[in-house]
Amino acid sequence: MATPRSTPLSLLLLLLSLLPLLTTTTATSDLVSDLLNLQSQSPAGVIHLTDSLISRLLTSTSPPRPFSLLLFFDAQQLHDKSELRLKPLKSEFSLLASSFIQNNPNPNPNKPHLFFCDLEFRESQQSFALFAVNSLPHIRLVPSTALDLKADSIQMEAGDFSRLAESMAEFVESKTQLTVGPIHRPPVVSKKQVIVMVAGLLVLMPFVIKRVVAGETLLHDPNLWLAGAVFVYFFSVSGAMHNIIRHMPMFMVDRDDPSKLVFFYQGSGMQLGAEGFAVGFLYTVVGLLLAFVTHVLVRVRDVKVQRAVMIFALVVSYWAVTKVVFLDNWKTGYGINMYWPSSWQ
């Protein structure tokens with residue numbers, strides 16, 4: 001049976017055994033408070049991390065932690081590489097962070113906090129090596145239970161940010177069991193801009209109506225409609241919409257010789273902007289020649305002039321079409337064979 005003198009000693013031993021646990025709990029609570037403070041200082045809620053902060057948050061603490069991190073690995077020197085799309089992806093990542101914070105003002109205390117962070121290569125090379133990041137873009141989720149940061153963290157695949165912030169939100173919800181909520185995109189036109197535009201339209205309305213009635217507007221100019229039709233035709237046949245949707249560059253640097261530029265890429269999987277513009281120019285030449293022959297040349301009375309222009313149009317059109325066919329054969333590897341009657345073979 002324990003004596004009264006042994007009771008204080010037992011309490012002391014119990015407190016000493018609980019001291020590391022209390023210290024760890026206090027330290028992790030301080031980390032969450034520090035992260036919340038850093039999050040509030042960022043306009044979009046994205047915390048900028050460095051090697052020292054990564055060491056304090058992850059490598060110096062043991063799981064389970066009261067927070068998870070979604071890391072965006074960035075490199076300022078690669079922002080001019082349009083094929084990487086780092087700047088628009090970083091903007092979408094910031095939009096995801098601000099939307100999550102706005103939709104979840106009171107996080108669930110029973111679940112780890114989720115913080116959105118970014119790292120810059122020049123400032124955090126050790127962290128890049130710690131996560132074995134050797135290519136960009138790269139987004140990685142570090143769960144609260146991650147022990148080995150490389151093996152236990154989850155990389156966001158390319159398909160997870162193909163639809164930008166919306167697909168990133170689906171990744172976060174599937175991996176963290178948290179609800180991101182709707183993405184709050186800023187309006188294209190602000191309320192002040194709408195008010196100014198409406199006021200300007202009201203002021204100009206009488207003058208516009210007067211010119212429309214008199215038939216003196218640009219919309220009454222046939223040359224404008226002609227230029228617009230040519231532009232639409234060129235836009236359609238040059239693959240410009242494909243370049244805009246895919247964010248394709250006009251050209252790329254030759255991997256074997258960085259001093260050279262590649263304007264035509266062999267392979268059907270990718271089309272550079274210069275290729276589309278070249279083909280669009282050739283098709284536009286053929287279309288303009290056809291329009292000239294069918295609308296202008298038929299009004300010329302001199303038969304010799306008609307024949308000379310017709311021969312010139314045929315020769316140029318044949319040359320342009322052969323160049324397009326040659327480029328298609330070179331890119332795809334499939335040949336287009338001429339059809340000849342069987343009696344000619």
Side-chain angles (χ1 to χ4, degrees), residues 35-50 67-108 111 113-121 123-124 136-142 155-204 235 240-250 273:
L35 287 171
L36 290 173
N37 184 34
L38 292 174
Q39 177 181 279
S40 63
Q41 296 175 8
S42 174
V46 178
I47 303 172
H48 183 68
L49 297 182
T50 58
F67 58 84
S68 301
L69 301 179
L70 188 66
L71 305 177
F72 182 92
F73 294 85
D74 189 22
Q76 292 287 339
Q77 65 270 24
L78 298 180
H79 279 192
D80 58 341
K81 303 291 185 182
S82 58
E83 63 272 16
L84 296 179
R85 303 170 59 198
L86 286 179
K87 291 182 67 175
L89 286 176
K90 187 175 182 180
S91 176
E92 292 292 318
F93 184 82
S94 300
L95 188 61
L96 171 68
S98 61
S99 300
F100 177 82
I101 296 171
Q102 183 177 350
N103 296 331
N104 300 273
N106 300 313
N108 189 344
K111 293 184 178 180
H113 290 260
L114 177 63
F115 295 99
F116 298 81
C117 313
D118 65 352
L119 298 93
E120 212 285 321
F121 176 73
E123 302 174 354
S124 310
L136 297 178
H138 193 101
I139 303 176
R140 186 176 287 268
L141 173 67
V142 183
Q155 179 182 350
M156 186 181 297
E157 302 297 337
D160 294 324
F161 48 78
S162 59
R163 292 186 294 107
L164 305 178
E166 284 74 13
S167 55
M168 293 181 190
E170 293 177 0
F171 169 83
V172 171
E173 291 179 344
S174 63
K175 301 301 181 182
T176 63
Q177 306 304 318
L178 296 174
T179 301
V180 176
I183 302 298
H184 302 282
R185 295 187 178 275
V188 178
V189 182
S190 63
K191 293 183 179 180
K192 292 183 179 180
Q193 292 175 333
V194 171
I195 294 175
V196 172
M197 291 171 60
V198 171
L201 183 62
L202 293 176
V203 172
L204 295 175
F235 190 85
M241 184 59 69
H242 170 272
N243 297 334
I244 294 174
I245 295 175
R246 299 284 184 174
H247 299 278
M248 298 304 298
M250 289 295 296

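In this text the structure is predicted, and so the values were computed from the model without any measurement.
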The single option from F115, F116, F100 passing side-chain contact (heavy atoms from CB on, under 4.5 Å) against L70
F116
Looking at every non-hydrogen atom in both residues, tell me the closest pair between T179 and N104 and how far apart they are.
O-ND2, 3.1 Å
Over all atoms of both residues, closest heavy-atom pair of L95 and P186
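Here L95 and P186 meet closest at CD1-CD, 4.1 Å.
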So how far is it from [X] [atom1] to [Y] [atom2], rounded to the nearest 0.5 Å?
X    : Y    : atom1 : atom2 : result
E92  : I183 : CD    : CD1   : 8.5 Å
D118 : E123 : CG    : CD    : 9.0 Å
F72  : L119 : CZ    : CG    : 10.5 Å
Q39  : I101 : CD    : CD1   : 3.5 Å
I139 : L96  : CD1   : CG    : 8.5 Å
L49  : L35  : CG    : CG    : 7.5 Å

Any donor-acceptor pair under 3.5 Å from S124 side chain to F121 backbone:
no
Verify, without hydrogens or angle tests, whether D74 (side chain) and L86 (backbone) share a donor-acceptor contact under 3.5 angstrom.
no
Mind checking side chain to side chain donor-acceptor pair (under 3.5 Å) for E173 and listing every partner two or more places apart, or none if nothing turns up?
none
Between K90 and E120, does any NZ, NE, NH1 or NH2 come within less than 4.0 Å of an OD or OE carboxylate oxygen?
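Between K90 and E120 there is no salt bridge, as every charged N stays at least 4.0 Å from the carboxylate O atoms.
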Any L114 side-chain heavy atom under 4.5 Å of L141 side chain
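The answer is yes; the side chains approach within 4.5 Å.
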Side chains of L89 and M168: closer than 4.5 Å at any heavy-atom pair?
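Yes. Closest side-chain heavy atoms under 4.5 Å.
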Do the rings of F73 and H138 sit parallel, tilted or perpendicular, given the 30° and 60° boundaries?
perpendicular
Contact list for residues 94-103, test side-chain hydrogen bond (donor to acceptor under 3.5 Å, both in side chains), sequence neighbours left out
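Pairs touching residues 94-103 that pass the test: N103-H184.
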